[in-house]
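Worksheet: one structure, shown below.
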Amino acid sequence: MPTAAAPIISSVQKLVLYETRARYFLVGSNHAETKFRVLKIDRTEPKDLVVIDDRHVYTQQEVRELLGRLDLGNRTKMGQKGSSGLFRAVSAFGIVGFVRFLEGYYIVLITKRRKMADIGGHAIYKIEDTNMIYIPNDSVRITHPDEARYLRIFQNVDLSSNFYFSYSYDLSHSLQYNLTVLRMPLEMLKSETSKTRQESFDIFEDEGLITQGGSGVFGISSEPYMKYVWNGELLDIIKNTVHRDWLLYIIHGFCGQSKLLIYGRPVYVTLIARRSSRFAGTRFLKRGANCEGDVANEVETEQILCDASVMSFTAGSYSSYVQVRGSVPLYWSQDISTMMPKPPITLDQADPFAHVAALHFDQMLQRFGSPIIILNLVKEREKRKHERILSEELVAAVTYLNQFLPPEHTIVYIPWDMAKYTKSKLCNVLDRLNVIAESVVKKTGFFVNRPDSYCSILRPDEKWNELGGCVIPTGRLQTGILRTNCVDCLDRTNTAQFMVGKCALAYQLYSLGLIDKPNLQFDTDAVRLFEELYEDHGDTLSLQYGGSQLVHRVKTYRKIAPWTQHSKDIMQTLSRYYSNAFSDADRQDSINLFLGVFHPTEGKPHLWELPTDFYLHHKNTMSLSPSRRSYTYWWTPEVIKHLPLPYDEVICAANLKKLIVKKFHRCEEEVDIHNEFFRPYELSSFDDTFCLAMTSSARDFMPKTVGIDPSPFTVRKPDETGKSVLGNKSNREEAVLQRKTAASAPPPPSEEAVSSSSEDDSGTDREDEGSVSQRSTPVKMTDPGDSAKVTENVVQPMKEVYGINLSETLSEEDLSIYARFVQLGQSQHKQDRSSQQPCSRCSDGVIKLTPISAFSQDNIYEVQPPRVDRKSTEIFHAHIQASHGFMQPLGKEDTAMYREYIRNRYL
């Protein structure tokens with residue numbers, strides 16, 4: 001029976017839409033184009049969607065024959081060769097969904113994609129372009145005057161801006177959830193597999209899976225967490241009628257990945273932000289929470305650390321840490337009709353029993369476990385009561401809810417007026433945040449899929465022993481979550497999340513054995529790389545919710561931002577104000593239409609005619625809830641039983657129903673991540689390889705001067721970063737000359753060449769940067785006086801480069817050591833030539849050297865030669881026999897693998 005588990009890779013990754021007058025035929029294939037599926041979409045229905053999936057897996061030959069018959073059968077005259085009956089409309093990479101306004105249905109296809117990250121060989125793509133195609137043909141189309149306006153509003157949601165998907169990795173769940181599912185006990189997987197019917201007849205199924213013993217693999221696919229899926233409503237109409245491989249769920253937010261090189265060892269740092277699709281909207285139009293406990297601007301941020309030298313979820317090393325931002329979970333809003341930069345905050349409804357906060361924290365307990373830690377960054381002291389209104393109400397709600405929770409699972413509330421500390425000259429904001437971050441990470445812990453390293457036992461660290469979370473035999477689990485908020489959850493929140501993420505990153509690196517202590521200092525290459533990721537993350541989320549990039553950054557709170565940053569901050573503030581005042585209403589309408597919050601209906605008011613969308617997001621205003629939650633037992637009973645573990649990750653009957661488990665042969669493409677990642681069937685170009693193009697700490701952050709410590713954990717001076725040294729063309733060429741001078745000491749360049757290159761101060765991109773470092777720089781000889789000046793600036797002292805000045809006279813001790821070394825070499829050559837045994841006496845003055853690798857019997861470094869097992873010996877002997885023409889008979893496993901290859905390739 002199968003003995004391993006792997007994520008199921010979607011077999012629909014390439015799409016071609018073919019068109020006839022009566023139907024659309026959507027042909028989907030895997031990346032190797034060995035398996036095909038076909039969807040038939042009827043074009044004769046003016047307002048209904050008719051999609052037929054025969055659920056048959058075609059081979060390449062069968063698809064060609066099918067398309068040939070369709071082409072022949074749809075020609076206007078039999079045997080006519082001049083015109084085709086089947087037209088190729090568009091090529092795509094996935095289906096976003098189907099949508100209808102007032103006429104017929106549209107299909108939205110992904111036509112361009114770009115790889116953004118790689119997690120264990122599973123690629124994450126960003127949507128670059130889409131195509132929206134109207135399904136009914138012109139002969140049955142019923143036109144409506146408002147259709148074009150709805151179409152324009154729908155397309156106002158730019159799908160090419162920060163929407164992401166993956167064919168094999170569930171982006172709506174955390175890495176901890178995805179790997180926990182793969183570690184389910186085999187008995188549970190076998191029972192789930194027996195409930196799942198095989199969807200296609202496989203002539204080799206019994207022979208390949210049952211008689212093969214341990215050669216099978218359990219393929220696992222989980223239901224997405226719909227809160228973070230943005231096209232769930234668009235796919236809902238076909239969800240129960242088509243094969244699951246057609247359903248491609250997308251998330252909205254941010255995804256970035258950088259490579260941290262630790263003495264050549266690649267470690268990928270990935271940042272994924274998932275924006276909630278519930279109660280989604282723009283800054284001033286969506287505040288607080290709705291009646292179901294969903295809050296505005298809720299974003300789940302996950303930082304993933306993985307050792308890229310091993311590409312496997314089972315054998316590799318992976319670690320992650322999750323934190324959340326979101327609006328204060330109360331009924332509150334701000335009136336923007338006053339045209340004020342900071343509209344007054346008003347509480348819309350009285351909630352004495354914290355009903356909406358209870359729903360919100362119940363969701364968090366179910367997904368993240370306990371403890372829930374609230375870091376509230378709003379102002380505490382104000383001349384005019386503004387932000388303090390929210391703090392007082394939030395404290396009252398948390399105090400009320402905590403009195404009913406068990407003491408070990410109560411909600412932790414941390415208020416901290418970040419704005420007040422920023423204005424104070426005596427207080428360091430980031431130092432205080434670092435203290436908070438340490439206490440938070442110690443309470444929640446983090447996820448890592450391997451046990452504690454032996455080095456942590458040999459060299460125990462006090463901080464490591466105090467770490468919270470849940471320790472299991474295979475590693476650690478994060479239990480609980482940090483929930484950070486200010487008023488907008490943008491600038492202050494992003495800086496606080498960066499500091500917590502920096503603290504967690506140190507623990508993650510320590511758990512993987514990459515640093516000796518769980519501490520990271522500012523101004524190191526690793527922290528600069530992480531800070532840049534978080535600034536991109538903050539800018540992206542700020543643009544989506546607030547309409548502008550971040551106003552206050554990490555450098556602002558460190559008080560090292562350049563003076564030019566102030567003018568940029570002013571421009572970002574004006575941009576945010578303009579967006580909030582003039583364009584947010586249109587963006588909100590687009591989001592409501594895209595997410596299916598509003599459905600256009602004939603005879604009812606249009607979207608642009610509604611005075612407010614309050615009734616769309618608060619369902620209790622349109623119908624009464626059939627049941628009311630208890631005011632005291634406000635949590636879900638099943639959730640509280642399993643705390644501190646999150647209920648979503650507990651192995652129980654309810655969670656097993658969310659999984660799809662299927663048996664595969666280990667060589668099948670649906671579970672073969674090696675073939676999916678390396679793609680041996682296609683030509684690869686190193687220039688297009690993602691892992692070489694991503695941001696790297698060694699290329700983009702490490703100083704380019706000779707003799708610099710290459711460790712990314714070494715503190716650099718502000719002017720030593722790779723970006724500042726190579727910021728413009730002149731500096732780049734100067735660094736190139738430094739390297740060449742240290743290596744071969746060529747003639748110094750002319751001052752004219754240096755000055756002419758420094759005229760272009762604008763800088764170029766990283767590709768130009770790499771090309772300059774590889775090209776040879778032409779050198780011109782000029783006056784000795786001029787060249788001496790340049791040499792003085794470019795050539796480094798010999799003492800600094802080599803550690804010794806060769807021009808100085810050697811000491812007698814150094815000469816004596818060198819003479820003994822020469823004498824030792826001469827005596828060795830004499831012994832080799834005469835083939836004599838080494839004499840017991842050594843010449844006078846010759847030092848007796850002991851090899852470094854010679855260890856005594858009781859030495860801790862003593863090693864034993866590896867033992868070769870019997871199977872490896874047999875394989876080696878069979879290989880030797882094969883070279884002499886004696887072939888071994890094929891076993892059952894080899895025969896099944898060959899048959900599987902033939903079936904996929906030719907049948």
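All residue numbers refer to positions in the sequence shown, counting from 1. It should be emphasised that the depicted structure is a prediction, and the values quoted were computed from it without experimental measurement.
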| request: Only one of Gln366, Arg367, His173 passes side-chain hydrogen bond (donor to acceptor under 3.5 Å, both in side chains) with Asp648; say which it is. | output: Gln366
| said: For Ile127 and Ile250: C-alpha separation, side-chain torsions, deciding distance, then whether side-chain contact (heavy atoms from CB on, under 4.5 Å) applies. | reply: CA-CA 9 Å; Ile127 299 176; Ile250 63 175; 4.1 Å; yes
| query | Is the shortest heavy-atom distance from the side chain of Ile153 to the side chain of Phe101 under 4.5 Å? | reply | no
| task | Measure up the Tyr169 and His122 rings against each other and bin them: parallel (under 30°), tilted (30 to 60°), perpendicular (over 60°). | result | tilted
| task | Decide, yes or no, whether a salt bridge links Arg283 with Asp488 under the criterion of side-chain N to carboxylate O below 4.0 Å. | result | yes
| query | Can you name the side chain to side chain donor-acceptor pair (under 3.5 Å) partners of Asn231, sequence neighbours left out? | reply | none
| said: Counting C-beta onward and ignoring hydrogens, is there a side-chain heavy-atom pair between Tyr58 and Ser29 closer than 4.5 Å? | reply: no
| So, for Val12 and Gly28, which heavy atoms are closest and what is the spacing to 0.1 Å? | CG1-CA, 4.0 Å
| Identified ring pair (Phe, Tyr, Trp, His ring centres under 6.0 Å) counterpart of Tyr125 within the set Phe93, Tyr164, Tyr167 | Tyr167
| task | Under the side chain to side chain donor-acceptor pair (under 3.5 Å) rule, what do Ser222 and Asp170 come out as? Steps first, then yes or no, please. | result | CA-CA 8 Å; Ser222 60; Asp170 189 352; 3.2 Å; yes
| said: Could you tell me if the side chain of Phe598 sits less than 4.5 Å from the side chain of Asp613, heavy atoms only? | reply: no
| field | Heavy-atom pair of closest approach, residues Gly326 and Asn485 | value | O-CB, 3.1 Å
| request: Specify whether Tyr225 and Tyr228 have parallel, tilted or perpendicular ring planes, treating 30° as the upper limit for parallel and 60° as the lower limit for perpendicular. | output: tilted
| task | Count the heavy atoms of every other residue, nucleotide or ligand shown that sit under 6.0 Å from CZ of Phe690, and state whether that count exceeds 12. | result | yes
| query | What residue among Ile95, Val27, Leu248, Ile110 forms side chain to side chain contact (heavy atoms under 4.5 Å, CB included) with Leu15? | reply | Ile95
| remark: By side chain to side chain donor-acceptor pair (under 3.5 Å), His144 pairs with (sequence neighbours left out) Glu602
| Leu39 side chain reached by Ile238 side chain, heavy atoms, under 4.5 Å | no
| request: Report yes or no: do Arg287 and Asn297 form a side-chain donor-acceptor pair below 3.5 Å? | output: no
| query | Gln13 pairs by side-chain hydrogen bond (donor to acceptor under 3.5 Å, both in side chains) with which of His31, Arg113, Glu676? | reply | Glu676
| Hey, what's the ring geometry for His606 with Trp608, parallel, tilted or perpendicular (30° and 60° as the breaks)? | parallel
| field | Residue pair Val51 / Leu49, side-chain heavy-atom distance below 4.5 Å | value | yes
| query | Thr346 versus Ser333: any side-chain heavy-atom pair under 4.5 Å? | reply | yes
| task | Mind checking side chain to side chain donor-acceptor pair (under 3.5 Å) for Asp236 and listing every partner two or more places apart, or none if nothing turns up? | result | none
| task | Fit a plane to each ring of Phe279 and His617, take the angle between them on a 0 to 90° scale, and name the class: parallel (under 30°), tilted (30 to 60°) or perpendicular (over 60°). | result | perpendicular
| said: Could you check whether His56 and Phe36 have their ring centres less than 6.0 Å apart? | reply: no
| note | In short, salt bridge (Lys or Arg N to Asp or Glu O under 4.0 Å) pairs touching residues 148-167 with sequence neighbours left out are none
| request: Flag the pair Glu300 and Lys227 as a salt bridge only when some basic side-chain nitrogen lies within less than 4.0 angstrom of an acidic carboxylate oxygen. | output: no
| task | Among Tyr106, Tyr24, Tyr105, find the one that has a side chain to side chain contact (heavy atoms under 4.5 Å, CB included) with Ile133. | result | Tyr24
| Within residues 13-36 or reaching into it, pairs that qualify as salt bridge (Lys or Arg N to Asp or Glu O under 4.0 Å) - sequence neighbours excluded | Lys14-Glu33, Glu19-Arg43, Lys35-Glu668, Lys35-Glu670
| query | Any side-chain heavy atom of Val157 within less than 4.5 Å of one from Ser590? | reply | yes
| said: Just to verify, what does Thr111 make a side chain to side chain donor-acceptor pair (under 3.5 Å) with, not counting sequence neighbours? | reply: none
| Hey, does Thr143 have a side-chain heavy atom less than 4.5 Å from the side chain of Glu103? | yes
